[in-house]
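In the text below, chain A, chain B and the rest are named by the order of the sequence lines, each starting its count at 1. Values reported hereafter were calculated over all heavy atoms of this structure, with side chains retained and with hydrogens, waters and symmetry mates removed.
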Amino acid sequence: MSYLEYNVKSVPSGLSKVLYLNWPVVVLLTAIASVGFLMLYSVAGGSMLPWAEPQMKRFALGLFLMISVAMIPVWFLRNIAGAAYGISVLLLLGVEFFGSTGMGAQRWIDLGFMRLQPSELTKITLIMFLAAYYDWVDIKKISRPLWVLIPIVIIALPVFLTLRQPDLGTALLLVFGGGGLMFLAGVHWLYFAAVVGAAAGLVGAVFKSRGTEWQLLKDYQYRRIDTFIDPASDPLGAGYHITQSKIALGSGGWTGRGYMQGTQSRLNFLPEKHTDFIFTTLAEEFGFIGGISLLSLYVLVLVFCVVSALSNKDRFASLLTMGIGLTFFLFFAVNMSMVMGLAPVVGVPLPMVSYGGSAMIVLLLAFGLMQSAHVHRPR
Amino acid sequence: MRRSAKDTEESAAILSRRGLVLGGGMALVTGVLGLRMRHLQVDQADQFRLLAEENRINIRLLPPARGQIFDRNGLLLAGNEQNYRVTMVRDEVDDPEKVLRDLAQLIPMTQEDMERAREELRKRSRLVPVTIADRLSWEDLSQVAVNAPALPGITPEVGLSRIYPRGADFAHIVGYVGPVSDYDLSRIEDKDPLLQIPKFQIGKTGSENKMEHELRGKAGTKRVEVNAIGRVMRELGRDESQKGANVQLTIDATLQNFVQARLAGESAAAVVIDVETGDLVSIGSAPAFDPNLFVRGISVKDYGGLTNNKYRPLANKAVQGTYPPGSTFKMVTALAALEAEEIRPDETIRCVGYTEVANRRFHCWKRGGHGRMNLRNSLKQSCDVYYYDLAQRVGIEKISAMARRLGLGERHDVPMSAVASGLMPTKAWKRENRDNDWVIGDSLNASIGQGFVLTSPLQLAVMTARLATNRAVSPRLVKSVDGVETPSGAGEPLGLSDEMMAHVQGGMFAVANENGGTAYGTRIADKSMRMAGKTGTSQVRNITKAERARGVFRNADLPWERRDHALYVGFAPADAPKYAIAVVVEHGGGGSTAAAPIARDIMLAAQTGGMPPLSAYPSAQRGRVSSALKKLQVWGLDEPKAPDSQA
């Protein structure tokens, strides 16, 4: 069913839309963000600065943006999906030419009042555009090679640009997010089997090419893979992140060392303790109970997304909601796997918790889209 | 675009199905994450907690304060002063060159200092603090502290470092400390972890070195929490270090100062010993050097100046220099003959200026001869022929045995560097070391303290103390350690008859007080402080027949290195001995002209406890003595020129 097929009058209008928001998701996101504030306060050694306070301000802004976006009719969002995708790809190109370099990677454009990370934005616009594409394309043609090739190009373009920055984490997220959406839309499973096979081949090629002139990844990316496979091989060098992170997690035990008592993070053994590795601080200070609680909050958000998506009769809205849920899942799953030593260290923040401007705002914008889909669902 | 209801339903069904599959996949991954978390945090918690503690806790050594060294009256000889320094941790600096340059604008740093700092930064670990500048003033340190934000990695610190307020006076006795070197570490079997501290200072020479064990103290420890780069965040607990023991020496700093001043300008040594207790009240060796230079790290130029000096300022001539004792040895030969009853004190021997033995002529210093000599006169006029005769009667073994009884040829146990044992030759020694049989001529040479005989000024002083008391006085340099008195060196009676000893002492009295005695010119007029002594002039070269035919060169005509050593031994007061002295002036010429005047001044200073009183000198000499004494560079007795002496 498309929006043209249901009675627009049954959809809430005006400010009353606020009442129809998916409030549990808003509450859950606020709870998760609050965990983030607590941890940022702790890793700063019991101080609102330099992280907790700016993070709170950003969350407030993000929340406002989310609700604002939720007011926009979902069909309008569908109509601008292509433009949004186009703009974010242009922004990615902009980074390529005008971006400032931070932490060795060229990832953001300085807008003056904030630093915009177009790769973050792309995570949503890609989902939006793909959802719109699959809403538009005829279900019968969906698995025909040409109609499969189009979304692949749509995905490949931003992936290529983020890899150039280089930002392996975002590239992976884009591939999995876009691929996930194609899977949801109903593209024949043989394609996926083929991709998995090809990926296996590619991994082989990546390793084979190492040290040769045409090596596929940067040296530091190889090192990250090496240390992922055997962190003990270089405990003070490249394996330092993973080793120290595991020590922090492990020393937390059942109940943790107590708030602000985490020695690993307070003493700077943990790298990036306020950004990508913030989960280790939580796990060290609040233990297994704290870690599993945060994981539960994430899962609850997912559950509400999936329920909202499956109960939405509008195909675009449904795909969009699932896609956003999937992106959210990819964020926390990749980040947690990384800090727990299950995945190589790729720069993926813990959603809503890690310190970082555009990541949080973009995530809240995404949930704004999801809320819009929820509010304007056919009744 | 309108779609059929069938298509719409189908697509919704696919979406639901696929959505559930994907949801299931996400649930699976989440489950794996939860299990992994459980594995790390619950199953392996103990192991990781241990690793976290190891990460976090670091044990640091607390260096103890080194024991202080005092003189017999409690004057500070070696102390600790607050040392302000600046350290840098390489790891905390992006551009150490720039920081060094900035630092050099705040505090005085020479090119050499900068070079040394760079070298240290290269050599040491990037995580440990390296001393960049040392011995700063409080003002300089404050400058650095105020500008700390602009100087990353730089920390102003306060430590203790050694100071020798009496400067050169005690350079040879107390010695100096310096940072542990790799050579030290390889040489000494000492497991003390303190030695591993960079720049930890240990005694290098003198008592600082020999009493290292007492002075060093025990290291304390503190457990500190460190962060990932090793910076200390807070202290978790500490065991205080134990200060090293304070050591009190038997030296009288005032007399020592006088001795050093009196010896200045010569290459000489003087030892003053308390004959009742064996206390070494002064051990002079000239020239000396400022030990503080070594603590601070001596410059190549200064060190070169010390090593290239022909007067050898670094050598402690009083204990490590060995010289032929010359005529000061004659008391030994006399006692050996008296005890063997080979001669009676009143028996005379005729001196014609030489003795002929085994076709060789042994000359007396007086070419025309002394005529008939008894024991007293032989000492008084230092007749050589008399002793040549005694030597032939008693033989080297008995002379050598007597010398040992009097403390020669023995390494005395005093905590100073390179204490020499000298040499008292015997027939067996010569066979072993010279691969030759002992000949009678060797005995003759030995009898007047020439030939193979070698003694240090310390040994001569001990000998004189034993002659003065007829007891086996042994030297003592350490009066007390941490307030615990060390045993006195008074010693047991020598076992020589008092009568025999009185004859020798009488001869020594005649030397210094009777007209015609070799030291009569340097007599003491004050009867209560009169000295008994013996001069000595020892050759450092052989006089060839040809030379003798031409007439023996006067010392003044020879290059310094070939002139005779001048010696003097004595004790005072002559009738109730309190102090004994030995003076050696290297290549000083005659004992009576070069050594005896020094000995007289020192003995007067020792007996009065201050500057020698002019009234003690013969009236004819007072004018000359007065102007000479005024020229001495002596510290005011009440106000040592020490920078600051702490109690």
Parallel, tilted or perpendicular: ring planes of Tyr259(A) versus Phe286(A), cut at 30 and 60 degrees: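 Rings of Tyr259(A) and Phe286(A): parallel, as their planes differ by under 30°.
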Need one label for [X]: side chain, backbone, both or neither, based on atoms under 4.5 Å from any heavy atom in chain B.
X	value
Ala185(A)	backbone
Met336(A)	both
Ile142(A)	neither

Listed partners of Lys98(B) passing side chain to side chain donor-acceptor pair (under 3.5 Å), at least two apart: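 Listed in chain order: Asp102(B).
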Counterpart residues, side chain to side chain donor-acceptor pair (under 3.5 Å), relative to Glu115(B) (two or more places apart):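 Result, side chain to side chain donor-acceptor pair (under 3.5 Å) vs Glu115(B): Arg118(B).
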Side-chain heavy atoms of Gln41(B) within contact of Trp254(A), under 4.5 Å: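 Gln41(B) vs Trp254(A): side chains apart.
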Among Asp43(B), Leu33(B), Leu22(B), residue most engaged with chain A (heavy-atom pairs, under 4.5 Å):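 Top count of heavy-atom pairs under 4.5 Å with chain A: Leu33(B).
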